[in-house]
**Student:** 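Input: one structure, supplied below.
Whatever order the structure lists them in is the order used to number ligands and atoms, beginning at 1.
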Amino acid sequence: MKRILVTGGLGFIGSHTVVELQNEGFDVVIIDDLSNTRINVLDNITEITGIKPDFHQIDLKIKKEVKHFFDTNTIDGIIHFAAYKAVGESVGKPLDYYENNIGSLIYLLQEMRNRNIDNFIFSSSCTVYGQADELPITENAPIKKAESPYGNTKQIGEEIIQESCKAYGLNAIALRYFNPIGAHESVKIGELPLGVPQNLIPFVTQTAAGIRKELSVFGNDYPTKDGTAVRDYIHVVDLAKAHIAALKRLINKKNKINFEFFNVGSGTGSTVLEVIKAFEKASGKPLKYKIVGRREGDVTAAYADTTIANKELGWKTKKTLDEALEAAWKWQLKQEK
Ligand code: WQD
């Protein structure tokens, strides 16, 4: 049985991936510093799968602790989610973002090199493409200068991994996520935004639940079909499954993989107004919203060409936007109780 380390395994995408790993028969060990989640997620994962994952509360910025973990654990592969992820916050706290997102990555790669651990999966982002010149976005689209320190940590992260693969013979896959939404069908795990949500879907569900007064739609003067910005929303369980596919590719490799990257999206673009309409249908509730000015740093449109990921990973999304919104709404309703 392969033992997989999942860093940030109690976070939104991490927790869903832990469930899928356990369902696929992997032995999971989680590292999380609990800086942006709650410890009860561990029990909720256990309720879903019937297996309690091994858990270590470790701050990956502390090199000594990282080394101690690897001294006392045998690991066959790493899925590295642990990172700060708030775009706006990163502009005011660049050093915190670089220290956390880059520092922890370097320490993990050093341990892999020192102990000959193969198989590394990195959470990257479609943000590396900025406003792509062509849509849908293929993996061949050029990387644009990052708009934020957060985005830069993903670009630099990919470069560090690529160079480490080359120098030390590691094998790694970066998954460039589009917009993950939704929650597990058990309604036991989902997104836990702290404070006022910056992302569209949690803001929408909180507005429908009466926690927020109304949604501000950021701009309706974009060159899109209804003037609002287009994104590729992917159900978090589909996204979690992409990690299993990538892990199997690494584990079963016949030749050296070195460094690969794949787009992980649904392949469909939806405008903000389309999302609102679909949400109203899924929840059966009208949503209060107003149009305001554009948000700084937002691109007009981003959605994935998933041809390469579909072919190489043998993976494809199964869930629709409606299903994802319904799951997000059920999750929201449970939070109120
Ligand atoms: C989606 C759309 C907003 C909030 C996020 C992450 C980014 C990257 C990709 C990981 C946009 C609009 C939003 C609101 C709105 N992920 N919106 N009112 O901007 O695509 O980026 O996913 O790396 O880091 O931040 O996602 O959910 O913030 O916005 O109108 O209150 O909804 O303008 O068009 P985004 P989002």
**Student:** Would you call Arg38 and Asp43 a salt bridge, taking side-chain N to carboxylate O under 4.0 Å as the test?
**Tutor:** no
**Student:** Check the orientation of Phe122 and Phe120. Use parallel for under 30°, tilted for 30 to 60°, and perpendicular for over 60°.
**Tutor:** parallel
**Student:** For the pair Glu99 and Lys61, find out whether any cationic side-chain nitrogen is under 4.0 Å from an anionic carboxylate oxygen.
**Tutor:** no
**Student:** With heavy-atom distances below 4.0 Å as the criterion, list the atoms of ligand 1 near Ala229.
**Tutor:** 34 (O)
**Student:** May I ask you to identify the nearest protein heavy atom to atom 22 (O) of ligand 1, giving residue, atom name and distance to one decimal place in Å?
**Tutor:** Asn179 ND2, 3.4 Å
**Student:** Is there any N or O on Ser216 that sits under 3.5 Å from an N or O of ligand 1?
**Tutor:** yes
**Student:** Name the one of Pro149, Ser35, Ser90 that satisfies side-chain contact (heavy atoms from CB on, under 4.5 Å) with Tyr84?
**Tutor:** Ser35
**Student:** To which protein heavy atom is atom 28 (O) of ligand 1 closest, and what is the distance rounded to 0.1 Å?
**Tutor:** Arg295 NH2, 2.8 Å
**Student:** Test of understanding: given a 4.0 Å heavy-atom threshold, classify the contact between Leu215 and ligand 1 as side chain, backbone, both, or neither.
**Tutor:** side chain
**Student:** For a quick check under 3.5 Å, do Tyr129 and Asn263 share a side-chain donor-acceptor pair by atom type?
**Tutor:** yes
**Student:** Any idea which atoms of ligand 1 are less than 4.0 Å away from a heavy-atom of Val217?
**Tutor:** 30 (O)
**Student:** I want to know if ligand 1 touches Val272 in the polar sense, i.e. an N/O pair below 3.5 angstrom.
**Tutor:** no
**Student:** Pick, from Val196, Val87, Val128, Asn199, the option with the minimum heavy-atom distance to atom 5 (C) of ligand 1.
**Tutor:** Asn199
**Student:** Numbering the atoms of ligand 1 from 1, which are under 4.0 Å from a heavy atom of Gln198?
**Tutor:** 4 (C), 28 (O)
**Student:** Cut-off 3.5 Å, side chains only: do Lys145 and Gln155 have a donor facing an acceptor?
**Tutor:** no
**Student:** Could Asp71 and Arg115 be called an ion pair, given the rule that one side-chain N must be under 4.0 Å from one carboxylate O?
**Tutor:** yes
**Student:** Heavy atom to atom 2 (C) of ligand 1, shortest distance: which of Tyr233, Phe203, Phe218, Tyr150 holds it?
**Tutor:** Tyr233
**Student:** For ligand 1, indicate whether the residue Lys154 contacts it via side chain, backbone, both or neither (heavy-atom separation under 4.0 Å).
**Tutor:** neither
**Student:** What is the ring orientation for Trp329 with Phe279, classed by angle as parallel under 30°, tilted 30 to 60°, or perpendicular over 60°?
**Tutor:** perpendicular
**Student:** Distance to 0.1 Å, residue and atom name: give those for the protein heavy atom nearest to atom 11 (C) of ligand 1.
**Tutor:** Arg231 NH2, 3.8 Å
**Student:** Tell me which one of Lys2, Lys248, Lys241 satisfies salt bridge (Lys or Arg N to Asp or Glu O under 4.0 Å) with Glu24.
**Tutor:** Lys248
**Student:** Which of the numbered atoms in ligand 1 are below 4.0 angstrom from a heavy atom of Ser125?
**Tutor:** 8 (C), 10 (C), 16 (N), 23 (O)
**Student:** Any salt bridge linking Asp221 with Arg294? Criterion: basic side-chain nitrogen under 4.0 Å from a carboxylate oxygen.
**Tutor:** yes
**Student:** Select one of side chain, backbone, both or neither to describe which atoms of Leu200 lie under 4.0 Å from any atom of ligand 1, heavy atoms only.
**Tutor:** both
**Student:** May I ask you to identify the nearest protein heavy atom to atom 33 (O) of ligand 1, giving residue, atom name and distance to one decimal place in Å?
**Tutor:** Asp298 OD2, 2.5 Å
